[in-house]
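Here is how names work: the chains are called A, B, and so on, in the same order as the sequence lines, proteins then strands, and each is numbered from 1. Excluded from the calculations below are hydrogen atoms, water molecules and symmetry mates; all remaining heavy atoms, backbone and side chain alike, are included.
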Amino acid sequence: KKPKYYVLEMLPYPSGTMHMGHMRNYTIGDVVARVKRMRGFNVLHPMGWDAFGLPAENAAIKNRTHPRTWTNNNIGEFQRTLRRFGFSFDWRREISTCEPEYYRWNQWFFLRMLERGIAYKKKSRVNWCPKCCTVLANEQVVNGGFCWRHEDTRVEAREIEQWFLKTTAYSEQLLEDLKQLEGSWPDRVIAMQRNWIGRSIGAKVWFEVESEQSTADSPQLKSEEKNAGRQDAGATSKIEIFTTRIDTIYGASAIVLAPTHPLVALLIAGTPEQAKNEKKLAEMKVSSVKTEDIATAEKDGFFTGRYAVNPFNGEKVPIWVGNFVLLEYGTGAIMAVPAHDERDFEFASKFGLPIPTVVTPGEIGNKGDQRPAISDQEAKKESQKAAAPFTDYGYSVNSGKYSGLKSEDAIERMASDAEAQGFGKKETIFRLRDWGISRQRYWGTPIPVIYCEKDGMVPVPDKDLPVLLPANPKLTGEGESPLATDPEFVNVKCPKCGGPARRESDTMDTFVDSSWYFYRYGDPHNDKAPFDPAKAAYWFPIDQYIGGITHAILHLLYSRFWCKVMRDLGLVKHDEPIARLFTQGMVQKGGVAMSKSRGNVVGAEEMAEKYGADTGRIYTLFAAPPEKDLEWSEESIDGAWRFLNRVYRVVEKHADRVRAEKGYTTELAEGPQSAQRRETQDPGARTAPGAPTEKERELLRKAHQSLQRVTQDFEGRWHFNSAIAQIMELVNAIYAAEPLDEGVRPAVQKEVLELVTLMLAPMTPHLAEELWEMLGHKDGLWTVAWPAINEELAKEDEVEIPVQVNGRVRGRVTVPAGSSQDEVMKKATADPGVAAHLAGKTIRKVIFVADKMLNIVVG
RNA sequence: GCCCGGGUGGCGGAAUGGCAGACGCUGAGGACUUAAAAUCCUCCGGGGAUUUUUCCUCAUGUGGGUUCGACUCCCACCCCGGGCACCA
């Protein structure tokens with residue numbers, strides 16, 4: 001049976017018209033799909049539409065039409081262009097995410113996640129884009145606080161009830177499984193994901209708040225005021241901090257809370273500076289949102305007037321509020337160790353906090369775990385004048401019984417001790433947040449839940465799926481969700497009690513659609529389930545996924561998350577959906593990526609109109625290796641066009657002469673053609689019998705050498721540009737051998753011309769099909785296998801070997817291929833150029849690489 | 001600041017330790033043509049010697065190193081692009 005091969009390009013969002021940037025993406029995928037098909041794989045190469053989304057809704061409002069109309073028109077355009085470029089998609093498997101047949105399964109998945117607590121609702125501060133009038137996921141907030149689609153618009157913070165998917169439940173797996181992808185995914189994508197998930201291994205430590213003289217108003221924290229689970233319910237007068245450097249705790253000169261930390265108000269209440277500090281706090285809360293660039297903002301803060309106790313040494317530590325501490329990360333509170341942290345150092349320097357040294361670099365000559373040469377006393381003196389913090393690992397000093405330990409050991413011991421004594425806990429935290437999927441928009445998947453006055457939140461039963469979008473919404477682009485304004489949609493009966501109820505009016509983030517769409521291609525018309533697990537088991541994981549680097553985090557992280565959820569639901573057995581990922585470079589014009597807003601697009605249709613689709617295809621393959629950005633050049637396209645014409649002319653010229661000859665097999669081989677298989681096939685079968693002429697030998701050699709290299713370039717690292725260069729060389733050689741009817745028999749001529757055709761077939765299918773027919777074939781190229789390399793014919797009879805003396809080329813000798821070192825030496829020393837450099841010297845060493853080079857080392 | 005990429009002719013790029021610049025673009029010259037387009041052929045990194053044949057030499061961001069031999073491997077640095085960024 002044929003092995004499967006699933007090659008997929010990221011599905012497009014159908015907006016506007018397609019440009020050559022799109023075409024490059026699909027061309028790469030199509031070449032791979034066609035090559036694999038020719039090599040005997042059962043290839044899945046589908047196409048679909050990421051059809052939900054905001055631009056459709058905005059365009060509908062602007063043009064007074066329906067988002068569906070706008071979207072489907074675009075899909076029609078896209079389809080036309082893709083067909084024109086001859087991409088070998090299996091259109092029977094086409095999907096469109098805005099169809100109920102598709103999005104009902106988004107709802108189905110949502111219900112399964114709801115059952116398992118993966119989907120949940122919470123009131124939270126959300127990112128609100130005033131231009132989109134909707135909530136954005138953390139991943140959609142860019143440049144430190146701007147909307148990913150309106151890069152000039154700052155995201156606002158709002159408190160809204162939102163649906164979330166618990167991506168954080170998979171933080172560890174999402175991070176760990178990246179190891180499986182190493183080598184098969186681009187390093188930078190893995191690095192970006194790793195960075196995004198952001199694991200920190202450290203510990204939480206609880207600092208007891210010291211009660212002031214007045215015992216009456218010890219700060220109390222009600223559990224619901226701090227995010228659930230963060231604060232030990234019993235430890236109401238404790239501050240919890242997170243640190244990755246517990247070994248530096250003896251150097252903590254302050255506890256610093258985020259301005260939005262719920263304890264802050266309680267702490268400053270009743271202190272002498274209360275009024276002043278409350279004013280300051282209000283300022284900081286505002287400025288932390290408005291500051292142009294939060295990352296570079298100057299350190300600011302104030303002393304609350306209260307103290308906490310360092311559980312390790314019982315020292316009193318002042319409690320501060322600082323603008324550089326983030327509520328969202330860790331516990332929203334830190335211990336400031338100025339001597340060993342950049343930010344703490346800056347903060348302490350500004351506000352005059354002490355900077356005690358508790359870690360020193362290991363001195364040279366200092367052995368193992370022994371104390372470094374510096375004493376606690378000296379360290380104390382040193383620390384006061386330090387100009388910069390020492391943030392590396394070293395040896396603990398000034399740290400009680402831990403002094404002298406290596407930082408790594410101190411971290412381990414101190415964390416263990418803290419845990420044993422009940423004032424701390426080892427903890428790993430992640431930067432990754434849960435995925436907020438609620439959108440207050442129309443053109444998306446309705447979230448399938450109902451709110452009943454009596455029963456509360458009730459999931460829509462599976463039998464009532466899909467929850468259809470209302471056909472004729474009122475779209476204004478403002479205010480609450482358009483679905484909320486449609487009484488027919490909103491007012492429903494409770495599925496449980498039949499009483500009056502209200503339907504959820506938010507829709508899902510469109511990244512939900514694209515998180516699992518590739519599974520649907522394997523079983524696109526299933527109306528019982530999102531897909532048949534057996535079919536998914538056959539096709540998955542995707543052998544090759546191709547798309548832009550823009551989706552390195554969002555789409556790919558969500559897809560990986562979705563796969564793990566489906567695995568836990570028992571739908572799939574694999575951990576990762578995508579075995580290999582390829583990120584192609586952008587097509588640029590004037591140094592920037594093609595985009596409609598920049599007005600620098602080269603339209604796919606106009607390109608096809610002017611030069612033909614094949615020229616467009618081969619140009620994008622030839623101009624640069626696929627992973628690199630490609631600067632569009634009108635002149636270079638002429639070159640690609642000229643080349644294809646050159647090929648056409650030479651085949652046309654000789655077609656009559658060779659048509660009747662036996663050609664390449666039209667049987668597509670069963671199973672992949674391995675190297676072994678190629679060798680066992682009769683390689684000379686297609687070459688005319690009898691001794692070849694010199695001219696024939698040269699042509700055949702060049703042809704099979706080209707085939708060798710082109711095969712490698714297609715299978716290996718996708719060097720399409722050098723594959724094309726190789727075919728160009730072959731075509732040049734054919735021209736140089738003209739007139740072909742003299743000294744080249746028709747059978748040989750046919751073999752060479754057919755090889756050119758077959759090698760071009762994956763890249764320029766239209767041209768190749770026409771040439772194939774001209775060469776006398778009735779069956780289309782679809783039925784043809786990748787040609788077998790004839791190793792014998794590819795071999796050189798003679799090779800020119802450069803002769804080096806002390807590493808410099810001093811001459812060249814021509815010898816029969818496979819000549820021994822002695823034979824080459826004999827010829828080389830006779831070469832006058834070489835001899836001149838050998839004269840009067842002693843030969844010390846000779847390095848010989850057969851058929852490659854000879855290096856004579858003299859002294 | 002941290003993490004990824006990448007620096008080779010006028011330009012896009014080739015060369016996975018073995019002749020640096022394949023192939024293409026641009027440019028120059030020639031053939032064909034009444035002419036133009038198209039097409040075909042030749043040349044095209046710098047410097048020097050020789051002058052119509054070739055030889056020498058310098059060149060793959062910079063400086064070191066490993067090696068008989070380095071665009072390629074190692075170390076340090078410079079520049080460009082991208083991602084993350086007060087993440088404790």
Side-chain angles (χ1 to χ4, degrees), chain A residues 142-144 186-196 198-200 202 241-246 248 256 258 288 293-299 322-326 328-337 340-344 346-347 391 429-432 549-550 552-553 585-586 591 619 622-625 627-640 642-643 645-646 649 709 716-717 719 721-729 731-732 735-736 738 800-812 833 836 844-849 851-858:
Chain A
V142 296
N143 300 332
D187 288 345
R188 57 175 173 161
V189 174
I190 293 178
M192 281 160 81
Q193 293 225 349
R194 210 162 255 154
N195 207 338
W196 190 262
R199 179 168 62 187
S200 296
I241 61 105
F242 176 80
T243 178
T244 53
R245 290 297 301 274
I246 195 170
T248 64
V256 189
S288 71
D293 195 349
I294 299 168
T296 54
E298 210 193 321
K299 296 276 179 296
N323 64 342
F324 65 104
V325 179
L326 307 171
E328 309 81 50
Y329 191 74
T331 60
I334 62 155
M335 62 175 190
V337 185
H340 306 292
D341 182 279
E342 298 275 356
R343 298 149 300 177
D344 298 348
E346 206 186 307
F347 190 71
T391 58
I429 62 168
F430 293 89
R431 208 191 79 118
L432 186 72
I549 186 72
T550 18
I553 300 174
M586 288 179 301
Y619 168 71
F622 182 61
E627 70 278 7
K628 284 186 76 172
D629 288 345
L630 185 161
E631 175 65 28
W632 195 259
S633 149
E634 231 24 80
E635 287 93 350
S636 298
I637 297 164
D638 282 338
R642 271 200 289 267
F643 168 62
N645 277 300
R646 216 165 130 82
R649 272 197 312 271
R709 213 174 130 192
R717 290 173 309 161
H719 283 191
N721 54 338
S722 58
I724 294 165
Q726 192 63 42
I727 302 170
M728 284 173 169
E729 279 189 48
V731 172
N732 290 347
Y735 270 79
E738 289 280 18
E800 194 189 57
I801 295 183
V803 180
Q804 303 179 343
V805 177
N806 286 349
R808 308 195 69 106
V809 179
R810 299 299 181 182
R812 294 179 173 82
R844 301 206 180 277
K845 201 173 173 185
V846 176
I847 287 110
F848 176 69
V849 182
D851 294 347
K852 276 283 169 65
M853 59 121 254
L854 178 77
N855 188 11
I856 304 167
V857 185
V858 298

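- Between the A/Asp629 side chain and the A/Gly585 main chain, no donor and acceptor come within less than 3.5 Å of each other.
- Using Watson-Crick or G-U wobble geometry with both donor-acceptor distances under 3.5 Å, B/G24 finds its partner in B/C11.
- Closest contact between the side chain of A/Ser200 and the listed nucleotides B/A14, B/A85, B/A88 involves B/A88.
- For the atom pair CG (A/Asp187) and CZ (A/Arg194), the distance works out to 9.5 Å, reported to the nearest 0.5 Å.
- Across B/C32 and B/C41, the matching C1' atoms stand 11 Å from one another, rounded to whole Å.
- The base of B/C3 has none of its N or O atoms less than 3.5 Å from a complementary donor or acceptor on the side chain of A/Arg194.
- One atom, CH2 of A/Trp632, and another, P of B/U26, lie 15 Å apart when rounded to the nearest Å.
- Rounding to the nearest 0.5 Å places CD1 of A/Ile334 at 8.5 Å from OG1 of A/Thr243.
- Atoms NZ and CG, from A/Lys299 and A/Asn323 in turn, are 7.0 Å apart once rounded to the nearest 0.5 Å.
- Using a 90° window around 0 for the glycosidic torsion, B/G10 falls outside it and is classed as anti.
- Of the candidate nucleotides B/A14, B/C19, B/C84, B/A14 has the atom lying nearest to any side-chain atom of A/Pro625.
- With B/C4, B/A88, B/C23 as the choices, the nucleotide that has an atom nearest any side-chain atom of A/Val325 turns out to be B/A88.
- The CD1-C1' distance, from A/Ile637 to B/G12, rounds to 12 Å in whole Å.
- When the P atom is compared between B/U62 and B/G10, the two are found 14 Å apart, to the nearest whole Å.
- Regarding contacts with the backbone of B/A85, a side-chain N or O of A/Arg431 is found under 4.0 angstrom from either OP1 or OP2.
- For the P atoms, the distance linking B/G45 with B/C3 amounts to 41 Å, nearest Å.
- In this structure, the CZ atom of A/Arg810 is 14 Å from the C1' atom of B/G69, given to the nearest Å.
- Atom pair A/Tyr619:OH and B/G13:C1' shows a separation of 11 Å (rounding to whole Å applied).
- Side chain of A/Lys628, nearest nucleotide from B/U26, B/C41, B/G13: B/G13.
- Counting only heavy atoms from C-beta outward, the side chains of A/Ile549 and A/Arg188 approach each other to under 4.5 Å.
- Summarising the geometry, the separation between CG on A/Asp638 and P on B/C23 is reported as 20 Å, rounded to the nearest angstrom.
- Between A/His719 and B/G13 there is no side-chain polar atom (N or O) within less than 4.0 angstrom of OP1 or OP2.
- In this structure, the nucleotide among B/G12, B/G18, B/A88 sitting nearest to the side chain of A/Ile334 is B/A88.
- B/G27 and B/A38 have their P atoms separated by 11 Å, given to the nearest Å.
- Contact detail for A/Asn855 and A/Gly807: the closest heavy-atom pair is OD1-N, 3.1 Å.
- Side-chain proximity of A/Glu729 to B/A22, B/C40, B/A88: nearest is B/A22.
- Across all strands shown, B/C2 forms a Watson-Crick or G-U wobble pair with B/G83, both key distances being under 3.5 Å.
- Projected onto RNA chain B by closest heavy-atom contact, A/Ile549 and A/Ala736 fall at different nucleotides, the more 5' of which corresponds to A/Ala736.
- In this entry the distance linking CD of A/Gln193 with C1' of B/C4 reads 14 Å, nearest Å.
- Here the shortest heavy-atom pairing between A/Tyr619 and A/Ser636 reads CE1-CB, 3.5 Å.
- Across all strands shown, A/Ser633 has no heavy atoms under 4.0 Å from either base or sugar-phosphate atoms.
- Distance from the side chain of A/Lys852 is smallest for B/G18 among the nucleotides B/A14, B/C68, B/G18.
- Both distances falling under 3.5 Å, in either a Watson-Crick or a G-U wobble arrangement, place B/A31 opposite B/U39.
- What separates CG of A/Asp629 from P of B/G7 is a distance of 13 Å, to the nearest Å.
- B/G18 and B/C71: their C1' atoms are spaced 13 Å apart (whole Å).
- Taking 3.5 Å as the limit, the base of B/U39 and the side chain of A/Arg646 contain no donor-acceptor pair of atoms between them.
- B/G17 is unpaired under the Watson-Crick or G-U wobble criterion, no partner having all donor-acceptor distances under 3.5 Å.
- Contacts of A/Gly639 with the nucleic acid, taken as non-hydrogen atoms under 4.0 Å apart, involve only primed sugar atoms and P, OP1 or OP2.
- In this structure, A/Ala623 and A/Asn855 both approach RNA chain B, and ranking their closest nucleotides by distance from the 5' end singles out A/Ala623.
- B/C56 and B/A20: their P atoms are spaced 12 Å apart (whole Å).
- Of the candidates B/C68, B/C23, B/U39, B/U39 carries the atom nearest the A/Arg649 side chain, counting heavy atoms from C-beta on.
- Spacing between B/U16 and B/C11 at atom C1', rounded to whole Å, works out to 26 Å.
- Within the nucleic acid shown, A/Glu631 has no heavy atom closer than 4.0 Å to any nucleic acid atom.
- A/Asn195 contributes no side-chain N or O that forms a donor-acceptor pair with the base of B/C84 under 3.5 Å.
- Distance noted for atom C1' between B/A14 and B/C4: 25 Å (whole Å).
- When the side-chain nitrogen and oxygen atoms of A/Arg808 are compared with OP1 and OP2 of B/C58, one or more of them lie within a distance under 4.0 Å.
- We find that CD of A/Gln726 is positioned 9 Å from C1' of B/A22, with the value rounded to whole Å.
- Checking B/U57, B/G24, B/G18 against every side-chain atom of A/Ile847, the shortest atom distance belongs to B/G18.
- Here B/G24 is the nucleotide among B/G18, B/G24, B/G13 with the atom lying nearest to any side-chain atom of A/Met728.
- Put simply, the side chain of A/Asn806 gets close to the backbone of A/Val858: a donor and an acceptor are under 3.5 Å apart.
- For B/C41, the OP1/OP2 oxygens have no side-chain nitrogen or oxygen of A/Asn732 closer than 4.0 Å.
- For the pair A/Arg646/A/Asn732, a side-chain contact is recorded, criterion being any heavy-atom separation below 4.5 Å from C-beta on.
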